[in-house]
There are 2 protein chains.
Amino acid sequence: MPADSTLIVETKERETEMYQSIAERSKHEDFLRRAADLLVERVVFARANRTSKVVEWATPDEIKKAIDLQPRDSPVSHEELLKIMADVARYSVNTAHPYFVNQLFSAVDPYGLVAQWLTDALNPSVYTFEVAPVFTLMEEEVLREMRKFVGWSNGDGDGIFCPGGSIANGYAISCARFFFYPETKSKGVYAVPKLTLFTSELAHYSTKKLATFMGIGTDNCKLVKADALGKMDVQDLESKIIDAIEDGATPFLVTATAGTTVYGAFDPLRPISALCKKYNLWLHVDAAWGGGALMSRKHRHLLNGIELADSVTWNPHKLLAAPQQCSTFLTRHPRVLTSAHFAEAQYLFQKDKFYDTEYDTGDKHIQCGRRADVLKFWFMWKAKGTDGFEKHIDRLFDNAQFFTSHIKHREGFKLVIEKPECTNIMFWYVPTSLRGCESEPDYKERLHKVAPKIKERMIKEGSMMVTYQPQGDLVNFFRIVFQNSALDHKDMVYFANEIERLGKDIVV
Amino acid sequence: MPADSTLIVETKERETEMYQSIAERSKHEDFLRRAADLLVERVVFARANRTSKVVEWATPDEIKKAIDLQPRDSPVSHEELLKIMADVARYSVNTAHPYFVNQLFSAVDPYGLVAQWLTDALNPSVYTFEVAPVFTLMEEEVLREMRKFVGWSNGDGDGIFCPGGSIANGYAISCARFFFYPETKSKGVYAVPKLTLFTSELAHYSTKKLATFMGIGTDNCKLVKADALGKMDVQDLESKIIDAIEDGATPFLVTATAGTTVYGAFDPLRPISALCKKYNLWLHVDAAWGGGALMSRKHRHLLNGIELADSVTWNPHKLLAAPQQCSTFLTRHPRVLTSAHFAEAQYLFQKDKFYDTEYDTGDKHIQCGRRADVLKFWFMWKAKGTDGFEKHIDRLFDNAQFFTSHIKHREGFKLVIEKPECTNIMFWYVPTSLRGCESEPDYKERLHKVAPKIKERMIKEGSMMVTYQPQGDLVNFFRIVFQNSALDHKDMVYFANEIERLGKDIVV
């Protein structure tokens, strides 16, 4: 009995109160329904068609004027909230648009979106089976299936969902380090002299950035030369490994790339693996971008040798077009993730639970609370089947090949690489005023200014979005990225036409 | 002109194809509408009321039987997908339920949910202004406003959204390390002897875990004693700092806690700050849990001294009940996040863009692609105002105080700490069979078994969810957590009644 008996719940009183709460609730319900309608009608479907704008360009000041971004003391009305939603959508880049070909992600898959919405409504945090039973098991199934595609027998090994491919590449450093030098867990990297890792100069910057974050330092992240096609130079890798050993350092990891960020190049995994075996190094393959190709019988040869890797980063939110974010780290070693990271917090990972606590998988992660990023990908997989993903991938590569051959012979276009391996394609557009000036001393300098100018026009019109960058000796070039299989050959022509329309008359 | 003139888009042909795509689209539209209805009716509202179950307990095998978790080659129908959604919801823990008091998060705020749904529909990645203009500016405003609540003048400094408080605590290590020893960026932690940090033995495990991940090692993460109330013992801190210096190590950081995970204790920030000044150490305050109290004039005194910190972790998804995940790292040093982490990837952070690239904030992060976690919190702030958050916080503390005084005198209940500081309350429940046995030698051992048994019954009935754990010499006790302001005093009595109903007759 409660000490204070006036507090015993009286049914009648409780009912009255529930009524008040129902009144409050119906206001919320009304808002939620109107908001859901607005989302479906005005955000999702109004924005995904070709006639809408990719971006409604506005300067920071203009956006601040259009949306009162500052939090205030008092609340605003439901009407105002709905208007705010529309404004946030209006000034946000339309990444679902078929002509958003600017990043290694795009499109809003309807199944992925619905599953994100369900995830949000369930608001889980995935660390124990107790709190996230379905998501825990779902992660296990999906990760095993992905490991099968990597080529590890029965999909054996382990894996986790990560908040992005950069952190997944960090897990590779952590697992490799622990695998060879478990004493680093207690003693830090001080336990061994100058831990040293190797990756291509064209690899994603995350390996270098994470090497810093993880106490190893950029000097000890050796950048291996890439050849003209953007692939890691295996001879240079070996000579850099030898240099490090002679320097008294401790080589422990090579991070190769399957689908580099800019070139879309696939590093030669078999010879790299042979060197890793020879020098007893961990082989990590960053397939964040190219990993999706594993699901196509036609294109998976690009990743030949990936089955020799110790670990793999693979982001379904890239080539497979799952919503942001869906990144995985996979390893063929079944215990290393747990051994390297467990801290056994008693308040969360109690061992006297009534179920098998092997299902409490949170201690593998450096995160504690963690969003469930699995459902969107799993749900897309259910909705499309592996067959659907394969068709999607094949379509992307077909579009990419079509675009490549289309601009190859088109006046004003020049490919950086004649035969790109993945679905990102690099090219220069040469305005009329620059044609025939190739031998002039300031040609490169002038060409360098073209892409930014076209990009500015493009964004201000909102007709498409494609990125550009320089690379080494190469001046600014466009990199168009295909991972939306709703695109077709006509869209490919549209992109070339549009670049030409925006850039033809540029004088630099 | 395209080289292949047959590829020029012909308007008529294009229209035909668009029609086909509209047919495809209307199938998607129909599915999305039905899915949205299901979410609003059957997931969001059906689950948030007191008469529904908190959890529909099922074993892993039962769940695998109920839901075909394995990805397949072929797609399933829209009908089946809708059924799957319902099943996923059914077997997922109802974290929105008022009686889910198991973790440091709960409830599904309707405004937060709508904003998550909008975020998903816009599918942004926040790294450049170009791709995420609204979210970039919104982050800036929200983080500045949060820094004002911390007490830094004008909200000056810097900050980022992080994938969870653990990684936010990692950023503290990274910033402190770079601030004092910038050469660690290139040379790694090898640049200085044994970098050493200090945190309470009752601090969240993430500091230790991240110290390992970041190459420093658990041995160099010194755990400072906590007093009986769970607060860091300042004398022990100083003696551990002195020990480290005498040992030739390099102390650089103290991570204090404002609202510990289990005790809800607030470390004494002013004396800790004085020691940090004396020994030239960075003061980080992990206010992941307690930070929300800064928004209440009545309760912000708990964090007195936080304005002296160099950096703060504050998770709006905890005490402020924003949806998963919403975590921030704040620092009063304006440049350190950028200096410590920038890698200046040319393909993303081009400096020749046509707008002010100071708005391209992605290089502060160790993530590259990154979900927009700001909108849900910002939108809640708009919908409630600061006043609304203050009422929310005051309600939580009022409930917590009520619950504490209710069980204080109630038979069978025993508080671990008589006056908990935050809204998590620790207590033992002593079944009838154990009462009066306090002096028996196996009393503690028997009491240790009570909480797991009650928890099992509770979960199998689905009537509430509350967690338990041991701590040091203390055998298993319950820790009930309040961060849902829809709860009232009657719910507090319900919780005690329910524990009593489930536990009274237990014989251990």
Side-chain angles (χ1 to χ4, degrees), chain A residues 3 7 9 28 35-36 39 43-44 69 71 73-75 91-92 95 108 110 114 116 120-123 134 141 145 163-164 166 185-189 205 209 212-219 262 325 343 345-347 352 354 366-369 371 381 384-386 409-410 452 456 469 490 493, chain B residues 3 7 9 28 35-36 39 43-44 69 71 73-75 91-92 95 108 110 114 116 120-123 134 141 145 163-164 166 185-189 205 209 212-219 262 325 343 345-347 352 354 366-369 371 381 384-386 409-410 452 456 469 490 493:
Chain A
L7 291 168
V9 181
H28 281 162
L39 285 170
V43 181
V44 179
L69 288 172
D73 288 344
S74 304
Y91 291 105
S92 289
T95 63
V108 176
V114 160
Q116 283 269 62
D120 297 335
L122 299 174
N123 200 32
V134 180
E141 291 291 336
E145 213 59 32
S166 292
K185 189 169 180 181
S186 55
K187 295 192 166 61
V189 298
Y205 69 94
K209 190 177 260 204
T212 300
F213 189 73
M214 296 172 71
I216 291 170
T218 48
D219 287 356
V262 177
Q325 275 191 313
Q346 278 187 312
Y347 81 91
D352 54 2
F354 68 92
I366 56 166
Q367 295 176 280
C368 177
R371 262 185 73 85
W381 207 332
K384 297 162 195 273
T386 306
H409 304 293
R410 186 161 168 164
E456 178 173 359
Q469 63 278 297
K490 297 195 187 67
V493 180
Chain B
L7 292 167
V9 180
H28 281 160
L39 285 169
V43 181
V44 179
L69 288 172
D73 288 344
S74 304
Y91 291 104
S92 289
T95 63
V108 176
V114 161
Q116 284 267 63
D120 298 336
L122 298 174
N123 198 32
V134 179
E141 291 290 336
E145 213 59 32
S166 292
K185 189 169 180 180
S186 54
K187 296 192 166 59
V189 299
Y205 69 94
K209 191 176 257 203
T212 300
F213 189 73
M214 297 172 70
I216 291 170
T218 48
D219 287 356
V262 178
Q325 277 191 311
Q346 279 188 310
Y347 81 91
D352 53 2
F354 68 90
I366 56 166
Q367 297 176 279
C368 177
R371 260 185 73 85
W381 208 331
K384 295 162 196 274
T386 306
H409 303 293
R410 187 160 166 164
E456 178 173 1
Q469 62 280 295
K490 295 194 187 67
V493 180

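Below, read A as the first sequence line, B as the second, and so on, with proteins coming before strands; counting in each chain starts at 1.
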For chain B, find which of A:V43, A:T95, A:V44, A:D352 contributes the most heavy-atom pairs closer than 4.5 angstrom. A:D352
Options A:G215, A:S186, A:S166, ranked by heavy-atom pairs under 4.5 Å with chain B, top entry: A:S186
Residue selection (most heavy-atom pairs with chain A, distance under 4.5 Å) from [options]:
{"options": "B:D120, B:T386, B:I216, B:L122", "answer": "B:D120"}
{"options": "B:W381, B:F354, B:Y91", "answer": "B:F354"}
{"options": "B:T218, B:V114, B:L69", "answer": "B:L69"}
{"options": "B:D73, B:T212, B:V134", "answer": "B:D73"}
{"options": "B:G217, B:A36, B:A343, B:P75", "answer": "B:P75"}
{"options": "B:K187, B:E141, B:R371, B:K185", "answer": "B:R371"}

List the atom of A:V108, the atom of B:A121, and the distance in Å for their closest heavy-atom pair.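 Nearest pair, atom of A:V108 first, then B:A121: CG2-O, 3.6 Å.
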Locate the shortest heavy-atom distance separating A:P163 from B:P163; write the atom from each residue and the value.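 Reported closest heavy-atom pair: CB-CB, 3.6 Å.
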Taken to the nearest 0.5 Å, the spacing of A:Q325 CD from B:Q367 CD works out to 5.5 Å
Rounded distance [0.5 Å steps], CD1 in B:I366 versus NZ in A:K209: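 The NZ atom of A:K209 is 8.5 Å from CD1 of B:I366, to the nearest 0.5 Å.
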With a 4.5 angstrom heavy-atom cut-off, is it the side chain or the backbone of B:L39 that approaches chain A, or both, or neither?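 Only the side chain of B:L39 comes within 4.5 Å of chain A.
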For A:K384, side chain to side chain donor-acceptor pair (under 3.5 Å) partners two or more places apart: A:D109
Apply side chain to side chain donor-acceptor pair (under 3.5 Å) to A:Y347 and list each qualifying residue two or more places apart in sequence or on a separate chain.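 For A:Y347 the side chain to side chain donor-acceptor pair (under 3.5 Å) partners, ignoring immediate neighbours, are B:H204.
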Less than 4.5 Å to any heavy atom of chain B: does that hold for the side chain of A:E145, its backbone, both, or neither? side chain
